[in-house]
Peer 1: 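Please find one structure pasted underneath; my questions will follow.
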Amino acid sequence: MIAETVPFLDLMTPHRQLEEELLEVVRRAIRSASFIGGFAVTEFEESFARCCGTRYCIGVGSGTDALRFAIIAAGIGSCDTVVTVPNTFIATTEAISQAGASPEFVDIDESTYNMDPEKLRIFLEEQCVEQGSGNLISRRSGKRIAGIIPVHLYGQMADMDPILELAEKYRLVVIEDACQAHGAKYFSRKHNKWFNAGSMGRSAAFSFYPGKNLGACGEAGAVVTNDEEVMAATRILRDHGQSQKYYHDVEGYNGRLDAIQAGMLAVKLEYLEQWNASRRRAAQHYNELFASYGTEVVLPSEKTWSKAVHHLYVIRTCDRDGVRAALKGEGIDTGIHYPVPLHQQRPYLHLGYRNEELPIATLVATQILSLPMFPSLRPAQQELVVSTISKVASPVPG
Ligand SMILES: *Cc1c(COP(=O)(O)O)cnc(C)c1O
């Protein structure tokens, strides 16, 4: 018998299962020669808006497009800064810069790895000054704070209530980076009800990169919003700034969702809930296995106000690289999301952040390890993962 190996992500199984349905999408597109726009795109947009509980969904070319368009459509541009976290994929800050603004960082919470609302409050109240005009100016950059981008990283919700409250107080736009959080939910203590990821800010960005919880068979993304102006501006931005063919209101982008990807996404959207349920079951099973082995690693923490969709299952351990190597030795693939926090990456060194200003993001980057996580992950594979870790992991102090 061949020893069991465990991939980090299994993208083959769902595509084998859906092969006929997906091929039918391609056949329909070819037979109608309908590749850009049209029914397939509007149909998916309507379904995905319904799934997010928002009035509008605008399909775009990628999650990065979605972020960039959402920022520009909110009226943020040069002279502005947008506050986000250093523990995210670089697309979050690329989009800020590409919109003409610049990013500023606040640290993350040690248990959710998402924006720490208390750090945000301290930043806004102690590191910014209010100008006569009512604008909040960052002492660090001398620029106006215009928006906040909380990231629902790993499919875990950022704590939105206090973030939205601060945003309201200082009249800042909130754009959710929901690129890893399709279907995640947040319980607002303020409104005493559950909200879908992407339905709480002025708008939200989703990525349908193939490895995401809902992935296209290529590049795709979407902006969702309840705001009619943001919807209209995003539609124009994705299509060369034209509201009517060859009549351009602004310079825009080539950033449309194409018909084949929209059709593929419509097929897969039917399975999102069941795939997310499988991820949640797998996460629960990891938790139980770690408990039964008594392995002293830090597990993902799910708050009572969060229903995570576990895009990634991330643990923390002191000798992360040793654990990773031991897993590799058993044929188990892992990932690190992300090995270098953004304030340490070359494009942002000029911002001059010191590690001591962002201690949690700096520390956890050396300890985090993403274990295999995908809907078809089997309990026996998880057992192998956890038993291997239990042999080598040493506890995180404190
Ligand atoms: C994937 C991702 C993006 C970018 O999406 P693309 O579709 O790859 O452009 C942005 N932010 C986060 C947090 C992501 O995980």
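Below, all heavy atoms of this structure are taken into account, side chains as well, without hydrogens, waters or symmetry copies. We count ligands from 1, going down the list as the structure has it; atoms in each ligand are counted the same way.
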Peer 1: May I ask whether His311 has any heavy atom positioned less than 4.0 angstrom from an atom of ligand 1?
Peer 2: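 No heavy atom of His311 comes that close to ligand 1.
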Peer 1: Under 3.5 Å, is there a donor-acceptor pair linking the side chains of Asn226 and Thr54?
Peer 2: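 Their side chains do not contain a donor-acceptor pair, so the 3.5 Å distance test is not met.
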Peer 1: Can Tyr348 and Thr93 be counted as having a side-chain donor-acceptor contact under 3.5 angstrom?
Peer 2: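 A donor-acceptor contact under 3.5 Å links the two side chains.
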Peer 1: At a 4.0 Å threshold, what atoms of ligand 1 neighbour a non-hydrogen atom of Gly63?
Peer 2: 5 (O), 6 (P), 7 (O), 9 (O)
Peer 1: What protein heavy atom sits nearest atom 11 (N) of ligand 1, and how far off is it?
Peer 2: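 It is Asp177 OD2, 2.9 Å.
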Peer 1: Quickly, which of Ile76, Leu124, Leu120, Leu166 forms a side chain to side chain contact (heavy atoms under 4.5 Å, CB included) with Leu172? Name it, please.
Peer 2: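 Testing Leu172 for a side chain to side chain contact (heavy atoms under 4.5 Å, CB included) against Ile76, Leu124, Leu120, Leu166 leaves exactly one candidate, Leu124.
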Peer 1: Taking the side chain as everything from C-beta on, heavy atoms only, tell me whether Thr88 gets closer than 4.5 Å to Asp177.
Peer 2: yes
Peer 1: Measure the distance from atom 15 (O) of ligand 1 to every protein heavy atom, then report the residue, atom name and distance (to 0.1 Å) of the closest one.
Peer 2: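 In this structure, atom 15 (O) of ligand 1 has Gln180 NE2, 2.8 Å as its nearest protein heavy atom.
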Peer 1: Only heavy atoms of Ser62, strictly under 4.0 Å: list the atoms of ligand 1 that pass.
Peer 2: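 What qualifies from ligand 1 is 7 (O), 9 (O).
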Peer 1: Counting each atom of ligand 1 from 1 as listed, which ones have a heavy atom of Thr88 under 4.0 Å away?
Peer 2: 13 (C)
Peer 1: Indicate, with yes or no, if the rings of Phe187 and Phe195 have centres closer together than 6.0 Å.
Peer 2: no
Peer 1: Suppose we measure from atom 14 (C) of ligand 1 to each protein heavy atom; which comes out shortest, and what is that distance?
Peer 2: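 The closest heavy atom on the protein side is Lys212 NZ, 3.2 Å.
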Peer 1: Is the closest side-chain donor-acceptor distance between Ser138 and Glu104 under 3.5 Å?
Peer 2: yes
Peer 1: Do we see a donor-acceptor contact under 3.5 Å between the side chains of Asn276 and Asn213?
Peer 2: yes
Peer 1: List every atom of ligand 1 that sits less than 4.0 Å from any heavy atom of Ala91, numbering the atoms from 1 in the order shown and giving each element.
Peer 2: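 Near Ala91, meaning under 4.0 Å from one of its heavy atoms, ligand 1 has 3 (C), 4 (C), 10 (C).
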Peer 1: How far is atom 9 (O) of ligand 1 from the closest protein heavy atom, and which atom is that?
Peer 2: Thr64 OG1, 2.5 Å
Peer 1: How close does the nearest protein non-hydrogen atom get to atom 12 (C) of ligand 1, and which residue and atom is it?
Peer 2: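 For atom 12 (C) of ligand 1, the nearest protein heavy atom is Cys179 CB, 3.5 Å.
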